[in-house]
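The model shown is predicted, which means the values in this text are computed figures rather than measured ones.
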Amino acid sequence: MPSTTVPIHGNYHGYYSKRPSIRDPRIALLPDGFFASKRVLDIGCNEGWVTCEIAQSWDAHQVIGVDIDDILIRSAWKRRRTAWSLQAPEEAKTQEPSDGSDATVISEPPSKRMRSLPEAEDDPSNYFPASCEHSYGPLPIPSHAREKHRFPHNITFRTADWVHNEIPEDKSPYDIVLAFSISKWIHLNSGDEGLMRFFNRVHSSLKPGGAFILEPQAWDTYAKARRMDESLKENAKNLKLRPDDFAATLQNIGFGPPQHLGATGEGGFHRPVDIYIKT
């Protein structure tokens, strides 16, 4: 899979060093409980920061991250282990049984406790300082999960060009498909036809009532991107679709009208986030 020095697929290495955050502000735009018990596909997951946050802190049932760049996917697996290493220990609660038998220990996941924590520095998913991992290495992940749908066992990463190739997890429909900062790169690499293929694949991969979360890049940002490579420059000459057309295009495919959540991010990262529901 592509891993060239020129990130023509938007496969920037070190992307989250430019866009650092403990909690991604784009996720914060979504309603409370949006990911709870849901099966989520994160397309163009890069190094897996958002993917891990959804799996760890937002009670998702299963999260699959996919990216075209195998080096980024390897980094995503490392990010999973880092996130696990920084997570607070589970707080054990003892419940007295009514039948007189031994007490039962019940553990509450960190994501449940996080809802009542007002400050990011109190986030149990960021409990231990990163210096601990840097000094002593990441903690091993248990090989047998007591609950396979809790972090870190509820997350998987795949290397694939998802626009054109299926992954094993596609056999079951998703509740949510996430596409942050990826539409421009699909558009420039695969043209209008490729972008339409992508939108149709998202629609067919979702359950009825499922949600497509899209962070489109503005048309004026295509100019800089297409200068990265001659093939992008040539493809751009034939593009007729524009980001302003996406809402009507997606509704023609079978999505409802967009729910505009607002925009977040700074500078060139200040972009809108929209939700489209499969009708």
Residue pair Tyr174, Lys38: steps toward the side-chain contact (heavy atoms from CB on, under 4.5 Å) verdict: CA-CA 8 Å; Tyr174 301 102; Lys38 296 296 193 297; over 6 Å; no
Would you say that [X] contacts [Y] through its side chain, given a criterion of any heavy-atom pair below 4.5 Å between the two side chains?
X	Y	value
Arg158	Ile73	no
Lys278	Lys207	no
Ile43	Phe180	no
Leu206	Phe212	yes
Ile182	Glu215	no
Leu214	Val177	no
Ile54	Leu178	yes
Cys45	Val50	no

Can you list every pair that meets side chain to side chain donor-acceptor pair (under 3.5 Å) and has a residue in residues 191-201, with sequence neighbours left out? Asp170-Arg201, His187-Asp192
Minimum heavy-atom distance [X]-[Y], with the two atoms named:
X	Y	answer
Met228	Leu232	CB-CD1, 4.4 Å
Thr264	Pro25	OG1-CB, 3.3 Å
Phe157	Cys52	CZ-SG, 4.1 Å
Pro243	Ala218	CG-C, 4.2 Å
Pro272	Pro216	O-CD, 3.7 Å
Thr51	Ile64	CG2-C, 4.3 Å

Would you check if the side chain of [X] reaches a backbone N or O of [Y] as a donor-acceptor pair within less than 3.5 Å?
X	Y	value
Arg226	Leu188	no
Ser75	Ile71	yes
His270	Gly265	yes
Ser37	His61	no
Ser190	Leu195	no
Asn11	Leu72	no
Gln62	Asn154	no
Thr249	Asp245	yes
Glu47	Arg79	no

No-hydrogen, no-angle side-chain donor-acceptor test under 3.5 Å, [X] and [Y]:
X	Y	value
His9	Asp67	no
Thr156	Glu169	no
His260	Asp274	yes
Arg271	Ser181	yes

What's the separation between atom [atom1] in [X] and atom [atom2] in [Y], rounded to the nearest 0.5 Å?
X	Y	atom1	atom2	value
Arg150	Ile155	CZ	CD1	15.0 Å
Trp219	Arg242	CH2	CZ	3.5 Å
Gln87	Ser85	CD	OG	9.5 Å
Thr279	Ile253	OG1	CD1	11.0 Å
Asp32	Phe34	CG	CZ	12.0 Å
Glu230	Asn235	CD	CG	10.0 Å

Please determine whether side-chain contact (heavy atoms from CB on, under 4.5 Å) holds for the pair Thr159 and Val66, giving the CA-CA distance in whole Å, both sets of side-chain angles, and the decisive distance to 0.1 Å. CA-CA 6 Å; Thr159 303; Val66 62; over 6 Å; no
Check ring pair (Phe, Tyr, Trp, His ring centres under 6.0 Å) between His164 and all other residues, then give those that pass, not counting sequence neighbours. none
Between [X] and [Y], is there a side-chain N and carboxylate O pair less than 4.0 Å apart?
X	Y	value
Asp70	Arg74	yes
Asp24	Arg26	yes
Asp175	Arg39	no

Taking the six-membered ring for Trp, are Phe151 and Trp84 parallel (under 30°), tilted (30 to 60°) or perpendicular (over 60°)? tilted
Step by step, would you call Leu41 with Trp162 a side-chain contact (heavy atoms from CB on, under 4.5 Å)? CA-CA 11 Å; Leu41 176 65; Trp162 192 83; 3.7 Å; yes
Excluding sequence neighbours, so at least two apart, what forms side-chain hydrogen bond (donor to acceptor under 3.5 Å, both in side chains) with Gln251? none
Output, in order, the C-alpha distance, side-chain angles, deciding distance and verdict of ring-ring contact (aromatic ring centres under 6.0 Å, His included) for Phe199 and Phe255. CA-CA 10 Å; Phe199 287 157; Phe255 286 98; 8.1 Å; no
Does the side-chain contact (heavy atoms from CB on, under 4.5 Å) test come out yes or no for Leu239 and Tyr222, once each step is laid out? CA-CA 11 Å; Leu239 299 183; Tyr222 282 55; 4.1 Å; yes
